Amino acid sequence: MIEEHDGRDRGSDSGGAAPVVSVSGQAIVEKLLVVQHADRVVIGPGNLLTIATTGYSQPTSLEEELAAVAAGLSATANDDAAHVRNRLYAIAARLQRVIARLTVEASRGAPHVNAATLTVSALIGRIELVLPEASSLRADLAMLYTAMGDYMSSLREAERLLDSQPSRSRNLMLAGTALLNMCDFSTAKAVFDAVAESTDLVRPSAEQESQLENLTAEQFRQLWIPHYEGKPVITLRNAPRLLAKARQISVGHEAGILHRLARAQNDLALAQHDRNLLSASLRNHRRAMRLIHGDYNFHMPMAEYYTLNALGAVKSEKSWHEAHDLSYGLNEGAQAHIFLMESRQLRMNGQYFAAVEQADRAIRSWRVHPHPKGVVDSLASRAHAHFDIGTRRSILLAAEDLAVASAIASGRGFDVGHEARLLRPRCSEILEKQEKLQVAASVKAMKGEFPNLFSPTRSTLTSIVASSLDQ
């Protein structure tokens with residue numbers, strides 16, 4: 001079974017590998033959340049970024065585009081009332097295309113995106129003063145922040161939308177997705193519960209969009225979150241029903257569910273030393289990739305690679321190289337996953353110092369693009385490398401990494417991982433009392449330096465979610 005031909009061709013990373021949440025008329029958010037985390041914001045094939053607009057020429061630079069939007073807004077002050085509304089709609093459409101373009105460039109780590117996003121935010125503030133419905137552009141802005149790895153700003157935009165439109169399911173989905181990326185799983189689950197269960201939300205106008213949104217909320221709350229919380233058995237139990245539902249709606253969602261199921265099977269198999277379950281995981285990884293004919297991002301071959309390694313398969317190089325190829329040119333938050341994969345492999349190869357170096361790179365990246373689960377996984381990988389170096393000092397460093405990782409996971413309510421749980425008492429057995437005190441001091445210092453890493457940032461969503469569920 002391990003050697004079976006998967007029959008897939010490499011494709012782009014922009015299509016239905018996972019749930020797709022419609023959030024505006026011009027853009028979609030694609031979510032592919034795996035154990036090592038992924039977040040991708042993409043523009044669907046039906047959403048053209050360079051639509052020709054009658055009445056003016058299309059500047060090519062973002063600076064010119066943003067200047068044209070600002071000039072257009074200023075010019076409306078001199079328009080007669082009969083024409084202002086149409087003019088403002090045209091300006092809003094133009095700004096939406098700029099945001100879509102920035103979203104794509106943000107996923108590639110373009111350095112100019114941060115400054116341009118500040119300008120976009122200010123322009124939205126100006127246009128919504130004269131065209132209140134332009135506040136819906138904040139949904140696009142939230143997705144842009146997500147592509148940048150700035151999940152807190154994405155959440156703030158979602159909360160602003162919910163302040164004025166608390167019953168719109170689209171706004172709740174934006175908020176829930178941001179919370180999921182921030183590893184605030186309990187609040188995220190409450191949000192997705194509201195989307196899935198409330199009967200009084202204003203849902204998308206098209207029936208298929210509404211079905212996809214509901215299915216996505218169900219996937220996140222019944223598959224993704226239990227898996228993150230260290231309950232893969234729940235993911236395995238819920239997956240068949242959601243797979244049957246997805247087959248009637250969306251091949252992309254079906255592939256995403258299979259991928260999540262495969263990840264959960266992999267983790268459970270490692271904990272239970274179940275080779276048959278590992279083989280089932282590999283089959284589901286390949287089923288997911290075949291379903292979407294190579295139209296997936298680097299997380300799928302990367303997850304397949306981990307399962308192949310766990311099985312001891314010799315033919316894992318294809319998955320390794322494909323994960324690298326598909327991640328090429330993506331931003332630092334995406335590259336962190338590759339650094340972590342490399343760290344794990346280097347340690348297996350006995351290259352412990354190089355493994356520490358790559359884990360360091362991953363941790364630094366995920367501090368810039370905050371993702372607590374990624375930091376925990378990287379700390380665990382670095383701890384294993386330190387432990388295998390074998391000196392007393394390196395074992396102390398391993399114990400510190402594991403203590404910090406455990407504190408982050410405990411504070412945020414997710415699983416620290418099977419291997420980390422096994423290694424931590426082995427370190428403790430070796431350390432003296434004074435060294436254990438040093439470990440505790442290191443955790444305290446990290447909490448002081450990076451408080452948001454250890455506990456979720458409080459959100460104003462609690463009352464909104466409670467209100468939605470009560471209706």
Side-chain angles (χ1 to χ4, degrees), residues 20-31 39-44 47-51 62-63 65-70 72-73 88-166 168-182 188 191 204 213 331 333 369-370 457 459-461 464:
V20 175
V21 187
S22 287
V23 293
S24 80
Q26 294 292 324
I28 57 175
V29 173
E30 177 193 89
K31 295 297 304 172
D39 176 78
R40 295 302 314 284
V41 177
V42 299
I43 304 305
N47 299 296
L48 305 180
L49 302 185
T50 55
I51 300 171
L62 279 168
E63 292 81 2
E65 287 278 11
L66 292 169
V69 170
L73 273 174
L88 287 172
Y89 264 73
I91 292 169
R94 189 169 193 172
L95 185 55
Q96 194 165 49
R97 286 191 290 273
V98 171
I99 298 171
R101 178 177 170 183
L102 281 169
T103 299
V104 172
E105 295 182 9
S107 72
R108 299 286 167 180
H112 60 269
V113 169
N114 285 348
T117 301
L118 291 174
T119 303
V120 165
S121 180
L123 287 170
I124 292 174
R126 285 180 59 189
I127 193 172
E128 65 186 352
L129 291 175
V130 289
L131 186 71
E133 51 265 49
S135 62
S136 65
L137 290 170
R138 295 196 175 278
D140 301 80
L141 182 58
M143 290 189 295
L144 171 54
Y145 280 127
T146 295
M148 295 165 61
D150 187 353
Y151 306 127
M152 178 54 71
S153 292
S154 181
L155 178 61
R156 288 196 189 104
E157 293 302 328
E159 288 177 329
R160 291 181 72 165
L161 288 165
L162 284 164
D163 283 342
S164 57
Q165 299 174 326
R168 284 191 67 90
S169 60
R170 175 191 69 170
N171 299 337
L172 284 169
M173 287 300 294
L174 280 169
T177 300
L179 289 163
L180 200 58
N181 282 317
M182 295 164 66
V191 172
E213 182 182 79
N331 64 24
H369 302 272
T457 302
S459 170
T460 61
L461 285 170
I464 295 173

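Not measured: the values here are computed from a predicted model.
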Between CZ of Arg138 and OG of Ser154, what distance do you get to the nearest 0.5 Å?
12.5 Å

In short, Ser135 meets Leu161 closest at the heavy-atom pair O-CD2, 3.3 Å

Considering only heavy atoms from C-beta outward, does the side chain of Leu118 approach that of Asn114 to under 4.5 Å?
no

In short, Leu144 meets Ala106 closest at the heavy-atom pair CD1-CB, 4.1 Å

Restricting to side-chain hydrogen bond (donor to acceptor under 3.5 Å, both in side chains), what partner residues turn up for Ser169, sequence neighbours left out?
Glu213

Assess whether side chain to side chain contact (heavy atoms under 4.5 Å, CB included) is satisfied between Leu174 and Glu157, documenting all intermediate values.
CA-CA 9 Å; Leu174 280 169; Glu157 293 302 328; over 6 Å; no

Euclidean distance, Leu102 CG relative to Asp140 CG, rounded to 0.5 Å
11.5 Å

Under 3.5 Å, side chain of Asn331 to main-chain N/O of Ala147, donor-acceptor pair present?
yes

Once you round to the nearest 0.5 Å, how far does NE2 of His369 lie from OG1 of Thr146?
13.0 Å

Could you tell me which residues satisfy side-chain hydrogen bond (donor to acceptor under 3.5 Å, both in side chains) with Asp150, sequence neighbours excluded, listed by chain and number?
Ser153

I need the Arg160 CZ to Gln165 CD distance, nearest 0.5 Å.
13.0 Å

Checking side chain to side chain contact (heavy atoms under 4.5 Å, CB included) for the pair Thr177/Leu180: CA distance, chi angles, key distance, verdict?
CA-CA 5 Å; Thr177 300; Leu180 200 58; 5.5 Å; no

Qualifying residues under side chain to side chain contact (heavy atoms under 4.5 Å, CB included), relative to Arg126, sequence neighbours excluded:
Ala70, Leu73, Ser74, Leu123

Can you see which heavy atom on Arg170 is nearest to which on Ser136, and at what distance?
NH2-CB, 3.9 Å

Would you compute the distance between atom CD1 of Ile124 and atom CG of Leu141 and round it to the nearest 0.5 angstrom?
4.5 Å

Sequence neighbours left out, what passes side chain to side chain contact (heavy atoms under 4.5 Å, CB included) with Ala110? Give chain and number order.
Glu105, His112, Val113

Any sub-3.5 Å donor-acceptor pair from Asn171's side-chain atoms to Pro166's backbone N or O?
no

Looking only at heavy atoms, what is the nearest atom pair of Gly176 and Ala188, with distance?
O-CB, 3.9 Å

To check you understand the geometry: which heavy-atom pair defines the closest contact between Val191 and Leu172, and what is its length?
CG1-O, 3.0 Å

Pairs satisfying side chain to side chain donor-acceptor pair (under 3.5 Å), at least one member in residues 115-125, at least two apart
none

Closest approach of Leu131 and Tyr89, non-hydrogen atoms and distance?
CD1-CE1, 3.8 Å

Do Leu155 and Met182 come close enough that some side-chain heavy atom pair is under 4.5 Å?
yes

Arg97 bridged to Glu65 by N-O distance under 4.0 Å
no

What pairs with Glu63 under side-chain hydrogen bond (donor to acceptor under 3.5 Å, both in side chains), at least two apart in sequence or on another chain?
none

